[in-house]
Protein chains: 2
Amino acid sequence: MAQSDTVTRILDTAEVLFAERGFAETSLRNITSKARVNLAAVNYHFGSKKALIQAVFSRYLDPFTQRFHTALDELEVTHTGQVIPLETLLETMATTVLAVPAERNSLKVFMRLLGLAYSQAQGHLRRHIQQEYGDVFTRFTELVRKATPDLPDAERFWRLHFMLGTVIFTLSGLDALRDIAEKDYHEQVSVRDLVRRLRPVVVAAMNAPLPLALEEGNHANAQAS
Amino acid sequence: MAQSDTVTRILDTAEVLFAERGFAETSLRNITSKARVNLAAVNYHFGSKKALIQAVFSRYLDPFTQRFHTALDELEVTHTGQVIPLETLLETMATTVLAVPAERNSLKVFMRLLGLAYSQAQGHLRRHIQQEYGDVFTRFTELVRKATPDLPDAERFWRLHFMLGTVIFTLSGLDALRDIAEKDYHEQVSVRDLVRRLRPVVVAAMNAPLPLALEEGNHANAQAS
DNA sequence: TTAAAACTCTACCAATTGTTTGAAACAATA
DNA sequence: TATTGTTTCAAACAATTGGTAGAGTTTTAA
């Protein structure tokens with residue numbers, strides 16, 4: 001009880017501080033003092049600060065990917081032979097994402113960490129996440145491809161990342177945006193509210209008409225929607 | 001000439017390093033050595049590292065806001081009495097953003113800096129940017145409000161930030177995404193290409209149908225921040 | 001009870017951080 | 001030439017960083 005208590009206390013504190021201030025701005029002394037744990041405990045249990053960062057991510061991403069894989073399994077079973085509609089895929093992803101903070105700290109922290117992983121040029125992190133959790137994303141995009149057969153591959157690639165940007169940006173900067181929104185529009189904003197707002201936007205964005213082809217000798221395809 | 005040379009060399013180097021690695025991960029020695037300038041020059045010319053960061057932003061945002069203000073002036077003149085269509089507003093903003101790197105370093109650096117300003121919880125930066133450049137954004141959103149009268153205020157607020165996330169996320173992480181896109185789809189991707197792709201997506205997202213009725217007695221979820 | 005393994009602690013390390021100093025070099029004016 | 005104000009420079013500053021050593025403590029299992 002006592003030994004694993006230290007590990008989880010470190011992880012619990014680290015994820016909050018990382019999410020609030022980034023990796024470089026959060027020192028081990030910051031973490032250990034707030035967690036009321038000895039400084040050396042981090043290096044003893046995790047080996048290094050890098051390893052601690054990866055451990056923080058794993059604690060979120062491991063259950064998420066597992067959950068997401070089984071959710072996609074179920075979807076493929078209930079839709080054998082048929083194409084899974086885009087709305088269903090997005091809905092499933094949203095549900096799976098929302099299921100994470102039920103057992104972990106908060107969705108905000110989760111998204112903020114994801115945002116950091118993208119923006120903060122921590123080379124080791126990107127590599128670690130890519131090769132550890134790339135499979136689910138590949139599987140998901142393949143299903144999206146089947147759900148949107150009229151979309152050129154490149155176009156779908158970009159639109160998926162457009163929407164990834166929307167979600168990560170919004171949910172990771174949630175607190176600041178929420179403050180403004182509540183001050184200006186006197187509206188209580190919950191995460192589920194935001195997801196409800198996001199759904200029609202994301203669907204419309206994915207189904208938007210194709211951009212007009214460039215005129216100057218462009219070899220791009222010019223299908224109209 | 002000699003003194004301003006030092007200042008601009010510092011700014012030129014700092015903006016690239018900041019964009020690549022973030023603020024905390026970039027030391028003054030990193031900047032000054034790469035700029036072949038004495039370490040003390042930063043504190044002499046700018047006063048502190050914080051002030052240097054703000055100076056880097058000002059060099060991008062000052063000409064941008066100025067340009068954007070005059071562009072909106074012209075729009076209001078050519079549309080006196082009429083409502084400026086959403087597409088025109090977005091087009092104007094895109095054009096203004098694209099005009100910046102023509103004289104400064106690159107659009108990628110600009111966007112990456114903006115992304116850092118949002119994600120990196122540098123308190124002083126957010127405050128500085130908000131109170132220094134908040135006017136243009138307010139003016140722009142007011143015009144967008146007139147262009148989308150059917151959209152509830154709160155909904156428009158969130159959708160604008162959704163799209164802000166899309167643009168900043170995509171353009172600031174451009175290099176990595178471009179690598180993947182070119183490898184997988186053998187397609188040369190220019191910034192103007194991306195903007196062309198972004199336009200129909202953003203328009204569709206702003207014009208998306210409203211989310212289904214919100215049940216006011218919604219269950220405040222287990223989102224214990 | 002015993003010994004080994006797991007863990008925590010204090011104290012320290014070398015390295016790096018932002019910032020400051022005071023002297024030297026420079027430029028311009030008188 | 002002498003005297004300004006401005007700018008550069010090497011050196012040092014105090015503070016903080018991630019990491020480590022080694023002795024002490026607790027837990028585990030035989």
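Chain letters run A, B, ... following the sequence lines, proteins first, then strands; residues in each count from 1. These figures come from a predicted structure and were not determined experimentally.
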Euclidean distance, atom CG of residue A:Asn43 to atom P of C:dC13 [Å, nearest integer]: 18 Å
Considering only nitrogen or oxygen atoms on both sides, find all protein atoms under 3.5 Å from nucleotides 23-25 of chain D and state each distance.
none

Salt bridge B:Asp193-B:Arg197, side-chain N to carboxylate O under 4.0 Å: no
B:Tyr44 side-chain proximity, nearest of D:dG18, C:dT19, D:dT7: D:dT7
Charged N-O contact under 4.0 Å between A:Lys34 and A:Asp12: no
Contact state string [nucleotides 11-16 of chain D, B base, S sugar-phosphate only, - no protein heavy atom under 4.0 Å]: -B----
Parallel, tilted or perpendicular, as decided by the 30° and 60° cut-offs, for the rings of A:Phe68 and A:Phe64: parallel
Value in whole Å for how far the P atom of C:dT20 lies from NZ of B:Lys49: 15 Å
Rounded interatomic separation in angstrom, taking CG from A:Leu52 and C1' from D:dT17: 15 Å
Rounded distance in Å - CD1 (B:Ile53) to C1' (C:dT17): 14 Å
A:Arg139 and A:Glu76 ion-paired at < 4.0 Å: yes
Sugar-phosphate only, base, or nothing, as touched by A:Thr32 at under 4.0 Å among non-hydrogen atoms: nothing
Distance in angstrom units between A:Ile10 CD1 and C:dC9 C1', rounded: 13 Å
Euclidean distance, B:Asn30 CG relative to B:Glu25 CD, rounded to 0.5 Å: 10.5 Å
Distance (rounded to the nearest 0.5 Å) between B:Arg36 CZ and B:Ile10 CD1: 13.0 Å
Atom pair distance, as rounded to whole Å: CG in B:Leu28 and P in D:dC9: 16 Å
Test: A:Glu15 and A:Arg59 ion pair at under 4.0 Å: yes
Salt-bridge criterion met for A:Glu91 and A:Arg199 (N-O under 4.0 Å): yes
